[in-house]
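Only one structure is covered here, and it is reproduced in the block below.
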Amino acid sequence: MTATLIDGKAVAASIQQKVREEAEMLKTKYGVTPGLATVLVGDNPASKAYVGSKQKMTQELGMYSVGVHLPADISQDELLKVIRGYGEDPKVHGILVQLPLPPHLDQETVLGAVPIEKDVDGFHPINVGRLAMKNREPLFVPCTPAGCIVLIDSVGTKIEGARAVVLGRSNIVGLPAAFLLLHRNATVTICHSRTQNLPDIVRQADIVIAAIGKPQFVKAEWLKPGATVIDVGINAIPDPTKKSGQRLVGDVDFENAKEVAGAITPVPGGVGPMTIAMLMQNTLNSAKRAAGLIK
Ligand code: GUN
């Protein structure tokens, strides 16, 4: 192993500890308890698990957690009513609508119903638009890509002037990650399923963010020696040596890549814990903003 292992669990734990302390301070000094409302629609098992973890962490950090679990066939109007209810609830500083939504619901309208000052996921079209422009300040940026940047900074990799390659162009990770890197003055290339000569492009990158959802897709031979590699993928692959018959791997062939990269995130224990940590931080910041403590 030549690469520095980027310990997302430890970085996330340290962020969460700070959030816990600040939440406590907000409570004792200003009488404000930061609150997060979760909205889960349908029975997607992964979504249920994610929402459960987010609620649990909210409580563990001493914040107020409230949530609804709505049937998969809920009408758009009913869902909008629920979101507007949380929008008007002063105990709620953040509203998280877990994605994906069932296909009969219009995602843009639903996400647009979250007041931008409670949009702790950073998915409201106005926050997305501000992130996509120069010299605009979104109130929140999406949690997973924000976590990727914190991890890059955690090992001292210089973003300014670096060549960064983002694999994947999703609204949740790839696109916002590219904008965050660009705003930090990296030279950014976004690659996707139609990109030609992918290995040649990845080979130029000082920073690689892989978010394509293909197990062990990025090979060690594609990496520039010393590159910082952030693996957002969480993929289950068969593993007969495990009780469950499977194990989790990222989008990067970690075992080989760690011999070439300068720093790399493991899966699990890399980006995964950061998503929740950034959500907790966004919820705290929202409460601080509501209390007039920050802009
Ligand atoms: N689905 C996958 N990732 C996310 C996320 O970060 N937030 C929400 N709301 N849904 C998701």
Side-chain angles (χ1 to χ4, degrees), residues 8 12 15-16 35-58 65-70 72 74 79-80 82-83 86-87 92-103 105-116 118-125 127-128 131 138-151 166 168-180 209-214 230-236 248 250-251 265 267-268 270-283 285-286:
I15 290 170
Q16 280 153 192
L36 175 68
T38 58
V39 179
L40 172 65
V41 183
D43 293 299
N44 177 323
S47 291
K48 269 185 173 171
Y50 289 137
V51 167
S53 308
K54 291 167 184 177
Q55 291 174 328
K56 191 163 161 248
M57 185 58 71
T58 306
S65 170
V66 62
V68 278
H69 184 181
L70 303 166
I74 190 165
L79 175 57
L80 292 178
V82 170
I83 295 171
Y86 286 137
V92 169
H93 302 97
I95 302 172
L96 177 135
V97 181
Q98 187 65 29
L99 302 179
L101 291 169
L105 298 167
D106 180 54
Q107 195 189 94
E108 190 175 334
T109 306
V110 170
L111 296 176
V114 175
I116 60 166
K118 297 192 180 188
D119 177 35
V120 285
D121 252 332
F123 291 165
H124 188 289
N127 280 323
V128 175
L131 178 64
L139 292 174
F140 302 97
V141 298
C143 301
T144 303
C148 293
I149 302 293
V150 172
L151 291 180
V166 178
R169 52 179 161 180
S170 71
N171 290 330
I172 295 181
V173 184
L175 290 178
F179 280 113
L180 289 171
I209 295 185
I212 39 176
K214 291 189 182 175
I230 306 294
D231 190 349
V232 183
I234 302 177
N235 313 287
L248 294 180
D251 290 350
T265 59
V267 176
V271 174
M274 293 301 292
T275 299
I276 293 189
M278 301 314 287
L279 176 68
M280 297 298 109
Q281 189 169 75
N282 280 352
T283 303
N285 284 344
S286 184

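Both counts, for ligands and for their atoms, begin at 1 and track the order of listing.
Checked against side chain to side chain contact (heavy atoms under 4.5 Å, CB included), Gln55 has the following partners two or more places apart in sequence or in another chain: Thr38, Val51, Ser65. Here Thr275 pairs with Cys143, Thr144 under the side chain to side chain contact (heavy atoms under 4.5 Å, CB included) rule; sequence neighbours left out.
Inter-residue side-chain proximity for Cys148 and Leu180 is flagged as unmet; no heavy-atom pair is nearer than 4.5 Å. Contact check for Val92 versus Lys118: side-chain heavy atoms found under the 4.5 Å cut-off. Residues Val66 and Tyr86 form a side-chain contact, since some pair of their non-hydrogen atoms from C-beta on lies under 4.5 Å apart.
Every pair passing salt bridge (charged side-chain N to carboxylate O under 4.0 Å, His left out) that includes a residue from residues 42-53 is listed here, sequence neighbours excluded: Asp43-Lys48.
For ligand 1, the 4.0 Å heavy-atom shell contains residues Lys54, Leu96, Val97, Gln98, Leu99, Asp121, Phe123, Ile172.
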